Number of protein chains: 2
Amino acid sequence: MTVDGHATIRDVAALAGVSVGTVSRVLAGNQTVKHGLLLRVRAAIEELNYRPNQAARALRSNRVNVVGLLIPDITNPFFAQMANDLERLAADAGYALILSSSHNDQDREARQFMAIMEHKPLGVIFVPTKGRPDVVVPERTRVLAIDRRAEGFASITVNQRESAALALDHLVALGHQRIAYFAGPESTDNARERREGFLARAASLRSAGQPLEVEVFIGDFDFESGEKLARALLNCPPKYRVTAIAAASDQQAIGAIRTARDLGVVVPTDLSVVGFDDITLASLVVPRLTTVLQPVREMAETAFKQITAGTDAMKSEEFMGRLIVRDSTAAAAPHVTSD
Amino acid sequence: MTVDGHATIRDVAALAGVSVGTVSRVLAGNQTVKHGLLLRVRAAIEELNYRPNQAARALRSNRVNVVGLLIPDITNPFFAQMANDLERLAADAGYALILSSSHNDQDREARQFMAIMEHKPLGVIFVPTKGRPDVVVPERTRVLAIDRRAEGFASITVNQRESAALALDHLVALGHQRIAYFAGPESTDNARERREGFLARAASLRSAGQPLEVEVFIGDFDFESGEKLARALLNCPPKYRVTAIAAASDQQAIGAIRTARDLGVVVPTDLSVVGFDDITLASLVVPRLTTVLQPVREMAETAFKQITAGTDAMKSEEFMGRLIVRDSTAAAAPHVTSD
DNA sequence: CTGTTAGCGCCTTCAC
DNA sequence: GTGAAGGCGCTAACAG
């Protein structure tokens with residue numbers, strides 16, 4: 001017994017009448033233990049309610065059943081969902097999750113990264129703030145970027161360009177020809193790529209003969225930005241208005257819907273709105289938001305699988321967004337397309 | 001140097017020309033090291049980019065710079081805020097935060113609790129699901145319940161009764177006399193206590209001569225519940241309607257506002273709405289939500305301070321909610337109060 | 001004040 | 001197949 005009342009591997013060995021080596025082998029699931037001893041050891045473990053000391057294990061093997069997660073901000077619903085999925089995966093596999101926030105600050109990111117490293121995690125999954133974080137990573141620690149790419153690391157991402165184009169395809173299929181795109185801040189790669197993908201698809205449709213006008217408005221990813229951009233945009237007579245808005249985030253889209261309602265513009269009859277992300281709130285607003293889902297759960301599963309995949313090299317994977325059609329989009333009113 | 005390329009305390013000692021004991025003392029912030037040596041050690045640490053091995057430290061001292069956090073669900077904005085505040089406090093104090101979710105499942109809670117324990121955290125802060133979790137806690141581990149009480153543990157809570165009464169006081173001061181209360185699920189202590197506090201204050205006001213009618217509707221804490229209860233309630237002519245709704249959660253309140261708008265009931269002119277919690281969304285909806293703030297940040301600070309307070313016994317503390325007046329409440333229309 | 005040293009609990013050779 | 005023993009990196013107790 002240790003001071004704190006916990007049994008050690010020696011107590012187990014003594015009770016089972018074997019050596020610590022044998023207990024250790026049983027713990028490791030080593031097949032080379034005779035069945036009788038195995039049962040005795042198991043019984044002793046049970047009786048003493050023995051739990052291996054993770055610290056000792058970590059010290060010896062320089063690796064502990066911990067996975068680090070470093071994200072910009074846990075109060076962002078998108079990252080909260082990601083943390084939730086990863087925590088569940090980790091817990092079910094017997095790993096603990098160390099959570100840390102960079103608050104989009106590169107220095108803080110580097111500091112937090114190193115702080116996580118001190119705990120000798122099996123691996124670290126992180127959402128890079130920008131560029132390559134200034135950290136030294138031991139060869140054996142498995143590190144993976146998620147949601148955003150980071151120089152020098154494998155990454156699990158979503159193809160932003162193609163996914164953003166899905167929103168445009170959907171609107172065009174509904175007959176919309178005058179469309180506004182609410183972009184996110186140009187300082188983030190994801191916002192820029194979404195905008196580029198959206199515009200590239202627009203250009204390609206136009207050169208295929210599709211009549212189409214797209215106006216771009218640049219803002220932030222949040223609710224207020226969506227409200228503000230929409231207010232400027234919708235404050236004109238219907239015949240001059242766009243018939244649809246595609247936004248770079250669900251928050252923007254929800255803000256736009258709110259403004260539309262304030263201005264008496266009916267969604268989706270007078271105006272279609274598409275978001276991006278599929279946060280939980282998207283299916284709770286009225287009307288329920290049509291959006292492009294980022295497959296967070298699958299990304300989390302893939303990331304976790306790679307982190308725990310033994311010694312294989314990490315490799316980047318790219319996912320596709322999926323269009324989720326709900327109630328905020330509808331066919332363009334015919335009188336708007338003509339004339 | 002160890003295999004993984006990281007310097008150890010011995011490398012630092014060698015480079016600085018001192019013993020490991022001295023380095024250890026410097027690390028511990030021990031004052032009894034001569035200034036010259038201290039500087040040499042610091043320089044060596046810097047040069048080698050030395051990071052103490054937390055596992056070794058944990059093994060030796062049976063205590064590691066880790067705090068465990070066990071909450072029901074990180075995707076709940078209220079808990080996300082709490083996790084955010086705690087993570088920040090922990091990081092700034094040099095602690096790592098192990099995050100774990102119970103998903104309101106008692107068995108899972110117990111399992112996760114023990115899993116955290118294996119990592120020998122300095123302490124654990126947890127939001128109890130119900131009753132006393134079935135766990136064995138070593139004497140030295142500091143455990144604290146937060147947001148909800150748990151038998152056998154000190155807890156950091158909000159006085160639900162008094163806080164809920166604040167909402168009523170506010171509405172009554174605005175002249176409201178017919179009020180609906182949207183309660184949360186009776187299976188949770190917090191929901192029950194909020195309802196009881198609200199009704200107790202109503203009774204006390206009435207017996208002091210204040211004309212007042214309160215109708216209680218029981219639902220869940222979420223958006224949909226608020227919408228549903230409001231729909232049933234508001235679908236009648238103004239003269240039969242309540243003039244105000246107080247809800248047990250911001251989500252319910254926001255749902256109610258949404259329904260009101262759908263039914264053409266103008267908030268706050270025709271109907272005042274008060275929430276509870278002050279989630280981030282509360283100040284983003286239109287109209288911005290009047291609500292009772294739960295002082296999450298202060299609770300987190302108190303909890304963290306206690307956990308890291310050395311050997312003092314933990315003690316329960318109770319906070320008060322604070323009324324945050326925004327735009328969803330206004331004076332009752334005079335014609336409603338008469339007749 | 002500083003150096004030396006004995007383990008913390010576990011895993012992993014190395015003998016047998 | 002099993003036991004014995006060394007040592008992972010660090011802290012704390014004890015000498016000096």
Side-chain angles (χ1 to χ4, degrees), chain A residues 1-41 44-45 48-66 117-120 122 138 140, chain B residues 1-42 44-45 48-66 94 117-120 122 138 140:
Chain A
M1 285 290 197
T2 65
V3 239
D4 68 355
H6 263 120
T8 75
I9 198 170
R10 271 214 279 277
D11 302 319
V12 176
L15 181 60
V18 300
S19 73
V20 293
T22 302
V23 178
S24 179
R25 280 183 273 268
V26 171
L27 255 34
N30 202 319
Q31 299 297 338
T32 71
V33 178
K34 234 195 307 202
H35 198 62
L37 290 192
L38 187 127
L39 292 182
R40 291 227 307 276
V41 170
I45 288 176
L48 294 173
N49 193 23
Y50 165 76
R51 298 313 194 95
N53 181 326
Q54 295 291 340
R57 181 172 279 182
L59 177 58
R60 180 59 226 243
S61 56
N62 219 23
R63 173 155 65 98
V64 62
N65 287 348
V66 163
M117 283 303 174
E118 287 178 18
H119 293 275
K120 305 282 182 226
L122 176 63
R140 55 205 314 328
Chain B
M1 286 288 195
T2 64
V3 234
D4 68 356
H6 265 158
T8 76
I9 198 170
R10 272 214 277 278
D11 302 319
V12 175
L15 182 61
V18 299
S19 74
V20 293
T22 302
V23 178
S24 179
R25 279 183 275 267
V26 171
L27 256 34
N30 203 318
Q31 299 296 339
T32 71
V33 177
K34 231 193 308 202
H35 197 64
L37 290 194
L38 185 125
L39 292 183
R40 291 225 308 276
V41 171
R42 288 230 179 104
I45 288 176
L48 294 173
N49 193 23
Y50 165 75
R51 296 316 191 101
N53 181 328
Q54 296 290 344
R57 182 174 277 179
L59 176 59
R60 180 60 228 237
S61 56
N62 219 23
R63 170 159 65 97
V64 63
N65 288 347
V66 163
M117 283 303 174
E118 286 179 20
H119 293 275
K120 305 276 186 237
L122 177 63
R140 55 204 318 323

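Because the structure is predicted, anything quoted here is derived from the model rather than measured. Here is the naming used below: chain letters follow the sequence lines, and residue numbers restart at 1 for every chain. For the numbers below, each heavy atom of this structure counts, side chains included, while hydrogens, waters and symmetry mates do not.
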Tell me which of B/Thr22 and B/Ser61 sits closer to the 5' end of DNA chain C, going by the nucleotide each one is nearest to. B/Thr22
A/Arg40 CZ to D/dG1 P: how many Å, rounded? 16 Å
Grab the NZ-C1' distance between B/Lys120 and D/dC10 for me, whole Å please. 16 Å
Closest to the B/Thr8 side chain: D/dA13, D/dG9, C/dC10? D/dG9
To the nearest Å, give me how far apart CD (B/Gln54) and C1' (D/dT11) are. 13 Å
Polar pair under 3.5 Å, donor/acceptor by atom type, side chain B/Arg51, base D/dG9: no
Looking only at D/dC10, C/dG9, D/dG1, the nucleotide nearest the A/Arg60 side chain is C/dG9
Distance check, rounded to the nearest 0.5 Å: B/Arg42 atom CZ versus B/Arg40 atom CZ? 14.0 Å
Supply the atom-to-atom distance A/Gln54 CD to B/Met117 CE, rounded to the nearest 0.5 angstrom. 14.0 Å
Which of these passes side chain to side chain contact (heavy atoms under 4.5 Å, CB included) with A/Val23: A/Asp11, A/Ile9, A/Thr8? A/Ile9
Nearest whole angstrom, please: distance from the C1' of C/dT12 to the CD1 of A/Ile9. 11 Å
Using the side-chain heavy atoms of B/Val20, tell me which of these nucleotides is nearest: D/dG3, D/dT11, D/dC10. D/dT11
Can you find a pair of side-chain heavy atoms, one from B/Val64 and one from A/His119, that are under 4.5 Å apart? yes
Of B/Gly21 and B/Leu59, the one whose closest nucleotide on DNA chain D sits nearer the 5' end is B/Leu59
Can you tell me which nucleotide in D/dT11, D/dC10, C/dG9 comes closest to the side chain of B/Ala56? D/dC10
Quickly work out the A/Arg10 CZ to D/dG6 P distance and round it to whole Å. 13 Å
B/Thr22 versus B/Val33: any side-chain heavy-atom pair under 4.5 Å? yes
OP1, OP2 of D/dT11 versus side-chain N and O of B/Arg57: anything below 4.0 Å? yes
Classify the nucleic acid contact of B/Val33 as base, sugar-phosphate or nothing, counting any heavy atom under 4.0 Å across all strands shown. sugar-phosphate
Which whole-number value in Å describes the distance from A/Ile45 CD1 to C/dC10 C1'? 13 Å
Using whole Å, report how far OH of B/Tyr50 lies from C1' of D/dG9. 7 Å
Taking the minimum atom-to-atom distance to the side chain of B/Ser19, which one of C/dT13, C/dG3, C/dC11 wins? C/dG3
Here the distance between atom P of D/dC14 and atom CZ of B/Arg25, to the nearest Å, is 14 Å
